[in-house]
Amino acid sequence: MAAVLPITRQIARSVQENRRASHDLCIAEVRDCLIFDRHGVSKTFSSLFQHNKAIIVFVRNFLCYTCKEYVEDLGKIPRQMLQESNVRLVVIGQSSWGHIEAFCSLTGYSHEIYVDPERQIYKKLGMRRGETYMETPSSSPHVKSGVLVGSLRSMWRAMTSPAFDFQGDPLQQGGALIVGPAPQVHFAHFDMNRLDHMPINWLLQLAGLQTLDFSESHKIIDI
């Protein structure tokens, strides 16, 4: 129980800090923006949350080592748990759709994933371009690699991929939304830097789901 208490306090503080952003966020401005699946088929952004609640995670780019390791942990969320609560889990990147398949194979992520190759949603929602660091360095429970090793691995993946590119704007930051049904925004967080993404258990709790022990895949924590 003691290990869970800090998470509860941190969530409460994070909700308070992001309450204004959630209420001010106008999702109507992006509802008709197109996103593309791994086959290049388009759909509107609003289709993700029209009839259900959705946790939507925007990643920096598919080469980013922090995004890779974060999405690896997103992939550990049991599909049955999401289905029973009628919650969709969606990752959105900003590369071309042709990079989706390789990224899913690399991370083991099998939930919904799309791309916004022109960054229309990123831009209209006001997600940051460029990194800002606070006095207290950001840390993530989902990132295992250090900066040097992680950056070298990212560069190696870029050099060895069929199309040598950064798989998205390397300066673009991501974020997370909990939205729906319809245009109701329950929570919004925009990353300040590559390590500032929301801990996954915070997102699960805020969406009304049980938390998981990410050191062991699919282990549910009772709180």
Side-chain angles (χ1 to χ4, degrees), residues 18 21-62 64 67-68 70-129 167-169 172-191 197-198 200 202-209:
N18 285 276
S22 299
H23 287 184
D24 292 346
L25 196 64
C26 185
I27 207 75
E29 294 183 3
V30 295
R31 60 177 292 108
D32 294 327
C33 290
L34 294 179
I35 52 177
F36 300 84
D37 67 12
R38 68 186 69 204
H39 305 295
V41 178
S42 66
K43 66 192 308 179
T44 61
F45 181 62
S46 62
S47 67
L48 299 178
F49 50 83
Q50 190 63 41
H51 303 294
N52 48 261
K53 183 181 291 185
I55 301 171
I56 305 175
V57 175
F58 293 83
V59 297
R60 297 177 70 243
N61 60 75
F62 288 161
C64 173
C67 296
K68 169 188 171 291
Y70 186 78
V71 173
E72 284 175 342
D73 278 358
L74 285 175
K76 297 174 183 177
I77 298 174
R79 187 179 300 276
Q80 182 179 355
M81 185 177 82
L82 295 167
Q83 292 174 339
E84 289 175 351
S85 300
N86 195 28
V87 174
R88 296 171 76 168
L89 174 62
V90 182
V91 167
I92 295 181
Q94 39 115 9
S95 73
S96 65
W97 60 264
H99 289 298
I100 293 178
E101 197 72 52
F103 184 70
C104 289
S105 296
L106 180 69
T107 58
Y109 178 84
S110 61
H111 302 293
E112 292 183 77
I113 183 168
Y114 303 93
V115 291
D116 172 21
E118 301 299 324
R119 297 187 295 123
Q120 291 299 311
I121 302 172
Y122 287 80
K123 293 174 184 176
K124 290 183 178 181
L125 291 181
M127 293 188 191
R128 184 179 299 273
R129 187 172 184 273
Q167 301 185 25
D169 182 345
Q172 179 66 56
Q173 305 306 305
L177 303 177
I178 300 176
V179 59
Q184 183 179 8
V185 180
H186 305 279
F187 179 77
H189 170 82
F190 294 165
D191 301 344
H197 43 237
M198 285 293 294
I200 296 170
W202 296 17
L203 293 174
L204 293 177
Q205 283 194 345
L206 290 164
L209 300 172

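All values reported here derive from a predicted model rather than from experimental measurement. Because only heavy atoms are used, hydrogens play no part in the values below, and waters and symmetry mates are left out as well, while side chains stay in.
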Value rounded to 0.5 Å, distance of [atom1] in [X] from [atom2] in [Y]:
{"X": "N52", "Y": "S85", "atom1": "CG", "atom2": "OG", "answer": "11.5 Å"}
{"X": "R60", "Y": "H197", "atom1": "CZ", "atom2": "NE2", "answer": "10.5 Å"}
{"X": "N61", "Y": "Q173", "atom1": "CG", "atom2": "CD", "answer": "9.0 Å"}
{"X": "K53", "Y": "L209", "atom1": "NZ", "atom2": "CG", "answer": "7.5 Å"}
{"X": "I121", "Y": "F45", "atom1": "CD1", "atom2": "CZ", "answer": "5.0 Å"}
{"X": "H39", "Y": "S42", "atom1": "NE2", "atom2": "OG", "answer": "13.5 Å"}

message = side-chain contact (heavy atoms from CB on, under 4.5 Å), that's the test. Do I200 and L74 meet it? Break it down for me.
response = CA-CA 7 Å; I200 296 170; L74 285 175; 3.7 Å; yes
How close do [X] and [Y] get, heavy atom to heavy atom, and via which atoms?
{"X": "W97", "Y": "R38", "value": "CE3-O, 3.1 Å"}
{"X": "C67", "Y": "F103", "value": "O-CZ, 4.3 Å"}
{"X": "P181", "Y": "H51", "value": "CB-C, 4.0 Å"}
{"X": "Q172", "Y": "R128", "value": "NE2-O, 3.1 Å"}
{"X": "H189", "Y": "F187", "value": "CB-CE2, 3.8 Å"}
{"X": "E118", "Y": "K123", "value": "O-NZ, 3.6 Å"}

inquiry  = Go through it in stages, so that I can follow the logic: the residues are L89 and Y109, the test is side-chain contact (heavy atoms from CB on, under 4.5 Å), and I'd like the CA-CA distance, side-chain angles, deciding distance and then a yes or no.
reply    = CA-CA 11 Å; L89 174 62; Y109 178 84; 3.9 Å; yes
Heavy atoms, side chains only, cut-off 4.5 Å: are [X] and [Y] in contact?
{"X": "Q94", "Y": "D169", "value": "yes"}
{"X": "I178", "Y": "L203", "value": "yes"}
{"X": "F49", "Y": "I56", "value": "yes"}
{"X": "T44", "Y": "L34", "value": "yes"}
{"X": "L25", "Y": "L177", "value": "yes"}
{"X": "D116", "Y": "F58", "value": "no"}

request  = Determine, step by step, whether I113 and V71 satisfy the side-chain contact (heavy atoms from CB on, under 4.5 Å) criterion, reporting the C-alpha distance in whole Å, the side-chain angles of both residues, the deciding distance to 0.1 Å, and the verdict.
outcome  = CA-CA 10 Å; I113 183 168; V71 173; 5.8 Å; no
ask   = Any Lys/Arg nitrogen of K68 or E72 sitting under 4.0 Å from an Asp/Glu carboxylate oxygen of the other?
value =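 Salt bridge: yes.
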ask   = Does the side-chain contact (heavy atoms from CB on, under 4.5 Å) test come out yes or no for L48 and R88, once each step is laid out?
value = CA-CA 8 Å; L48 299 178; R88 296 171 76 168; 4.0 Å; yes
Any donor-acceptor pair under 3.5 Å from H111 side chain to I77 backbone = yes
